[in-house]
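Report on the following structure.
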Amino acid sequence: MFFSTGNKLTIPNMHLSEQEIIRREKLEKLLALGIDPYPPEAFPVSIHAAHLKEFFEEDAEGKPLNFQEVSLAGRLMSFRVMGKASFAELQDSSGRIQLYISRDDIAPGEDKTLYNEVFKKLLDLGDFIGVQGYAFRTQVGEITVHVTGLKLLAKSLRPLPVVKRDEEGHIFDAFTDTEERYRMRYVDLAVNPHVKETFIKRTKMVSAIRRFLNERGGLEVDTPVLQSIPGGAAARPFITHHNALDVPFYLRIANELYLKRLIVGGFDWVYEFSRNFRNEGMDRTHNPEFTILEFYVAYKDYFWMMDTTEALLEQAAMETCGTTDVQVGDKIINFKAPYRRVSIYDAIKEHTGEDVSGMDEAALRTLCKKLHIETDDSMGRGKLIDEIFGETAERHFIQPTFITDYPVEMSPLTKKHRDKPGLVERFELMINGKEVANAYTELNDPIDQRERFEEQVKLMERGDDEAMFIDHDFLRALEYGMPPTSGIGIGIDRLAMLLCNQHTIQEVLFFPQMRPEKFEE
RNA sequence: GAUCUCGUAGCUCAGCUGGUAGAGCACUUGACUUUUAAUCAAGGUGUCCUGGGUUCGAAUCCCAGCGGGAUCACCA
């Protein structure tokens, strides 16, 4: 049921707090005064708060030299009424600026209603207003807009949490409840400036990456989200149904196989910021939908990809944070290229003292037992090595490190290593103990690819529910011929967490997944 | 999915071994023409998450449920 101005000021069965009732009464009074609380016409904004404060100029005597005719719009965020004059704070998209409002300036004639009634009584914190006026500096030194005209642009019917700050920047009564913040991100953004900064930073990071790729000839593309075979990764998919075709479709878990088809088609470098969906657990590093940047470049190998990845991340850090030494929790991560390169066998040796390179499946199981790592029968040699690395070594790679040359069993889309038997040309990039990227020299031999898919089928039969499905059309594409190619997937949310110094994925997603809220009707 | 933990006013929170609800800010009324966590005077806000139970009596104890967070499992 929608609220409409006029007579239905309350909604039946809706619990309104005292403050909400008062705001609706104010709305009625505004209407009675002939003031439209939601006027349709555009408001001419001439400047933003931050810009005015940054570029305001005055002469030696303190006489303002510019911004003598400005108009701004935003939310009213604080009020300090002192009789016939008041101070208020206006918050626009750039930040806050103080307003000075004197009765006789906004209501110069006999009728003081605009000040005494409308401004002092009928406006609330959170209302959108537009003001005209001129800039000056108060006795206390605050750059302020002396308001000569004021207009209500949109009434707010719910009280925003009021967050206060003292001179030292201490915050009082912060709006901190994570559930409320995520469910009502609009409120979070309105009252918590640092939240907004995080998201601006994330967008900056994405722009920096996009620019890097475009400058080098990357072509941004879109590929299907609805896929009939959820390929390119190993994960439980979301399933949906197409009515007209009467067939199931899966929301993509990766876009890898589609980007490779485009390389087959003759593009040299394609990339996509891919929203992927995985029907798995949620926690502070996992959201059911998340973003991976994947890109594929023809005539390259994984060595080239390492060079490119470190250059990309160095630039992304520089443009996002203004430095390559990024504070992450209590650590400084140095994004400056080059990054250390360690084979997975050496990484395991480094942290366990064990050389697993020559071990067969039985030996690996024995080692797992010794290291107190749980295993099950579905695990093959590759999976066991991956498990050992994950349990013993992964968390120790704080500074960006390429872990290279994985066992062939766990990399069905990767080309076999040019001179290390049993391994593939693959690397994962570890930062702050977490995987941030995964890249290969891509497997482009269709015969080998078919065999690898068949290996996956065997793993699946053995009980590995992460094994990949065979995508016959993808095999057909490879049979037409794919040039030697290197490809990578970079976890954009994970990278954003690092560059924004946030330790949960929810803090870098505007609307993280939550259990749906129940509204009572 | 398992374990632990939290849920009290618009916001942040207090509320003891059970005795019938509190503070600051916000809000309402009034004063104040350069304030800034404005100040001063006055006012009282509530499904104590929901439903059961124990009890003369439950925000408090017990059980179940709902929602959040943390840890674990799965995964990126």
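Each chain gets a letter, A, B and so on, in the order its sequence line appears, and its residues count up from 1. Computed from a predicted structure; not experimentally measured. Just so it is clear, the values below take in all heavy atoms, side chains as well, and ignore hydrogens, waters and symmetry mates.
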For this session: Mind running side-chain contact (heavy atoms from CB on, under 4.5 Å) on T401(A) and L429(A) for me, showing each step along the way?
Result: CA-CA 6 Å; T401(A) 305; L429(A) 175 62; 5.6 Å; no

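- The phosphate of U35(B) has neither OP1 nor OP2 within less than 4.0 Å of any side-chain N or O from R80(A).
- By the 4.5 Å heavy-atom criterion applied to side chains, D222(A) and E272(A) are counted as neighbours.
- A centroid separation of 6.0 Å or more is found between the aromatic rings of Y38(A) and F128(A).
- Heavy-atom distances to RNA chain B give each of E387(A) and R284(A) a nearest nucleotide, and the one nearer the 5′ end belongs to R284(A).
- Side-chain N/O atoms of K164(A) include none lying less than 4.0 angstrom from OP1 or OP2 on C11(B).
- Mapping T176(A) and P288(A) onto RNA chain B by nearest heavy atom places T176(A) at the nucleotide closer to the 5' end.
- For A31(B), the paired base is U39(B) (Watson-Crick or G-U wobble, both distances below 3.5 Å).
- Side-chain nitrogen and oxygen atoms of R494(A) include none within less than 4.0 Å of the OP1 or OP2 phosphate oxygen of A76(B).
- Aromatic stacking is marked for F290(A) over A76(B), as both cut-offs hold: 5.5 Å for the centres and 30° for the planes.
- Residue contacts for R183(A): at a heavy-atom cut-off of 4.0 Å it reaches the sugar-phosphate backbone alone, with no base atom in range.
- Using a 4.0 Å heavy-atom criterion, one finds that R278(A) contacts the bases of the nucleic acid, with or without backbone contacts as well.
- No contact: G491(A) has no heavy atom under 4.0 Å from any strand.
- Sequence neighbours left out, not one pair with a member in residues 173-197 of chain A passes ring-ring contact (aromatic ring centres under 6.0 Å, His included).
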